[in-house]
Novice: 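Can you read through this structure? Questions will come right after.
Numbering starts at 1 and runs along the sequence shown.
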Amino acid sequence: MADGEHARDAFWVPSQSAVDPDRFTYTVPQAACVGPYESQFLMGGVSMAACIHALQVATDLPLLWATVQFAGATGLGADLDIHVTRFAEGRSATQAVADLTDNGRMVVHMAAALGGVTDGPQHQFVQMPEVPAPMDCAPSRDIPFARPDNLAGHIERREAYQNDETGEEYVWVRVRDTGIPDAPLLALMSDFFLGAHSKTRGGRSLDNTVRMHATAKSDWVLNVTRMSGFASGVAHGTLHQFDESGMLLTTASQTGFMARPQNLPEQER
């Protein structure tokens, strides 16, 4: 198993079939959901984490990059299927897809590459901005509909910097009781891209791409989000993740529909 076993509340981990190692099942738990109590739904980042976990287990290889299209929504308690298909296997990398479906309906489609080489050059060009340590930063705004039993209640965020004019946010993030994040959990944490700007909070992600650079050595991760621009009703941007040592963990990019005016606070409409 490429990710290793974790003694933690890994609420994003699907179950592998004993008959077909490329098939997995996942029943959506409360801890993976967001939204109002009466209409809770699976957070897109959790579905991405579940698919990455399935890909790594099925191939027994570490993730290099993954890109996901969020094709549909599904709710609390749904019984989902994940099917991994390899379409290119080489000495250095395997390319594969993972489809997450709800009773045959597409929810998530993911394409990924896994593997890599161990004797290539190692260098970090992108540097972490100078920010205070996590516990020296003020708690960030609450995620809507946060409760102790749902995903929002598991997330701890501390704001280091935010500027709507430049479209930037630097925020420390960790998921409580999950330990040091692996590739699936880093992908989950990267899906808070739309929370970086007042005009995009409450929007809906269309996709997310995560490219792995290194494995974290701390549970706190700094999400450095930079909006590229708004156009055609969507926001485009990039996100880099760093651990507390300043090591670059991932490069992510995303497009998402901007929040509708009725979903914004009155002073931001």
Novice: For Asp243 and Ser218, test the side chains for any donor-to-acceptor distance below 3.5 angstrom and give the result as yes or no.
Specialist: no
Novice: Which hydrophobic side chains are connected to Leu64, either touching it within the sub-4.5 Å cutoff or through other members that do?
Specialist: Trp65
Novice: Would Arg86 and Asp22 satisfy salt bridge (Lys or Arg N to Asp or Glu O under 4.0 Å), going step by step from the backbone distance to the final call?
Specialist: CA-CA 9 Å; Arg86 302 169 182 82; Asp22 289 335; 2.9 Å; yes
Novice: Once ring pair (Phe, Tyr, Trp, His ring centres under 6.0 Å) is applied, do any residues pair with Tyr161, and if so which ones, sequence neighbours excluded?
Specialist: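 Applying ring pair (Phe, Tyr, Trp, His ring centres under 6.0 Å) to Tyr161 gives Tyr170.
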Novice: Quick check: closest heavy atoms across Arg147 and Gly35, and the distance to 0.1 Å?
Specialist: NH1-O, 3.7 Å
Novice: Got a second to check how far His53's NE2 is from Tyr26's OH, nearest 0.5 Å?
Specialist: 11.0 Å
Novice: Could you tell me which residues satisfy side chain to side chain donor-acceptor pair (under 3.5 Å) with Asn208, sequence neighbours excluded, listed by chain and number?
Specialist: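 Once residues adjacent in sequence are excluded, the partners of Asn208 under the side chain to side chain donor-acceptor pair (under 3.5 Å) criterion are Ser190, Gln254.
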Novice: Taking the six-membered ring for Trp and the full ring for Phe, Tyr or His, determine whether the centres of Phe230 and His197 are under 6.0 Å apart.
Specialist: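 Yes: the rings meet the under 6.0 Å criterion.
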Novice: Mind listing the closest non-hydrogen atom pair of Pro184 and Trp12 along with its distance?
Specialist: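 Taking Pro184 first and Trp12 second, the nearest heavy atoms are CB-NE1, 3.7 Å.
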Novice: If you define the side chain from C-beta out and look only at heavy atoms, does anything of Ser253 sit under 4.5 Å from Leu239?
Specialist: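 No, their side chains stay 4.5 Å or more apart.
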Novice: Residues two or more places apart in sequence or in another chain: which of them pass side chain to side chain contact (heavy atoms under 4.5 Å, CB included) with Ala50?
Specialist: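 Applying side chain to side chain contact (heavy atoms under 4.5 Å, CB included) to Ala50 gives Pro14, Ile82.
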Novice: Do other residues, nucleotides or ligands put more than 12 heavy atoms under 6.0 Å from the CG atom of Asn103?
Specialist: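 No - once you tally the heavy atoms of other residues, nucleotides and ligands closer than 6.0 Å, there are 12 at most.
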Novice: Above 12 or not: heavy atoms from other molecules or residues under 6.0 Å from CD of Glu165?
Specialist: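 Open.
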Novice: How many angstroms lie between atom CZ of Phe11 and atom NE2 of His154, to the nearest 0.5 angstrom?
Specialist: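 Phe11 atom CZ to His154 atom NE2 measures 5.5 Å (nearest 0.5 Å).
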Novice: Side chains of Glu169 and Thr225: donor-acceptor distance under 3.5 Å anywhere?
Specialist: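 No, no side-chain donor-acceptor pair sits under 3.5 Å.
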Novice: Any side-chain hydrogen bond (donor to acceptor under 3.5 Å, both in side chains) pairs touching residues 123-135, not counting sequence neighbours?
Specialist: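 Qualifying pairs: none.
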Novice: So, taking the atom named CG in Leu186 and the one named CD in Gln241, what distance separates them when rounded to the nearest 0.5 Å?
Specialist: 5.0 Å
Novice: Take Lys217 and Met247, measure what side-chain contact (heavy atoms from CB on, under 4.5 Å) needs, and give me the verdict at the end.
Specialist: CA-CA 9 Å; Lys217 293 182 171 59; Met247 182 169 59; 3.7 Å; yes
Novice: For the atom pair OG1 (Thr94) and CD (Glu89), what is the distance rounded to the nearest 0.5 Å?
Specialist: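 The OG1 atom of Thr94 sits 4.5 Å away from the CD atom of Glu89.
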Novice: With no hydrogens and no angle check, is any side-chain donor or acceptor of Arg201 less than 3.5 Å from a backbone partner on Gly195?
Specialist: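 Present.
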Novice: Report the C-alpha separation of Trp172 and Glu156 in whole Å, then their side-chain angles, then the decisive distance to 0.1 Å, and conclude whether the side-chain contact (heavy atoms from CB on, under 4.5 Å) test is met.
Specialist: CA-CA 8 Å; Trp172 290 104; Glu156 187 173 357; over 6 Å; no
Novice: So does Thr209 get a backbone contact from the side chain of Thr67, meaning a donor-acceptor N/O pair under 3.5 Å?
Specialist: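 No; judged by distance alone, with no hydrogens or angles, the pair does not exist.
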Novice: Using 4.0 Å as the upper bound for N to carboxylate O, is an ion pair formed by Asp219 and Arg174?
Specialist: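 The answer is yes: the pair qualifies as a salt bridge.
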Novice: Just by distance, with hydrogens left out, do Thr101 and Asp99 show a side-chain donor and acceptor under 3.5 Å apart?
Specialist: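 No, Asp99 and Thr101 have no side-chain donor paired with an acceptor closer than 3.5 Å.
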Novice: Around atom CD of Gln30, are there more than 12 heavy atoms of other residues, nucleotides or ligands at under 6.0 Å?
Specialist: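 Enclosed: over 12 neighbouring heavy atoms sit under 6.0 Å from CD of Gln30.
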Novice: Remaining members of Phe257's ILVMFWY cluster at a side-chain heavy-atom cut-off under 4.5 Å?
Specialist: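 Result for Phe257 is Leu206, Val234.
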Novice: Report yes or no: do His213 and Thr250 form a side-chain donor-acceptor pair below 3.5 Å?
Specialist: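 Short answer, no.
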Novice: Give the minimum heavy-atom separation between Glu244 and Pro134, together with the two atoms involved.
Specialist: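 Residues Glu244 and Pro134, closest heavy atoms: OE1-CD, 3.6 Å.
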Novice: Yes or no on side-chain contact (heavy atoms from CB on, under 4.5 Å) for Val224 and Leu222, after CA distance, side-chain angles and deciding distance?
Specialist: CA-CA 6 Å; Val224 175; Leu222 184 71; 3.7 Å; yes
Novice: Going through the checks in order, is the side-chain contact (heavy atoms from CB on, under 4.5 Å) test met by Leu114 and Gln56?
Specialist: CA-CA 7 Å; Leu114 305 100; Gln56 291 192 137; 3.8 Å; yes
Novice: Find out whether Trp220 and Arg158 are in side-chain contact, i.e. whether some heavy atom of one side chain is under 4.5 Å from a heavy atom of the other.
Specialist: yes
Novice: From Phe145 CZ over to Asn150 CG, what is the distance, rounded to the nearest 0.5 angstrom?
Specialist: 10.5 Å
Novice: Once you round to the nearest 0.5 Å, how far does OG1 of Thr25 lie from NE2 of His83?
Specialist: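 Rounded to the nearest 0.5 Å, the OG1-NE2 separation comes to 13.5 Å.
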Novice: Is there a donor-acceptor contact under 3.5 Å linking the side chains of Asn163 and Glu168?
Specialist: no
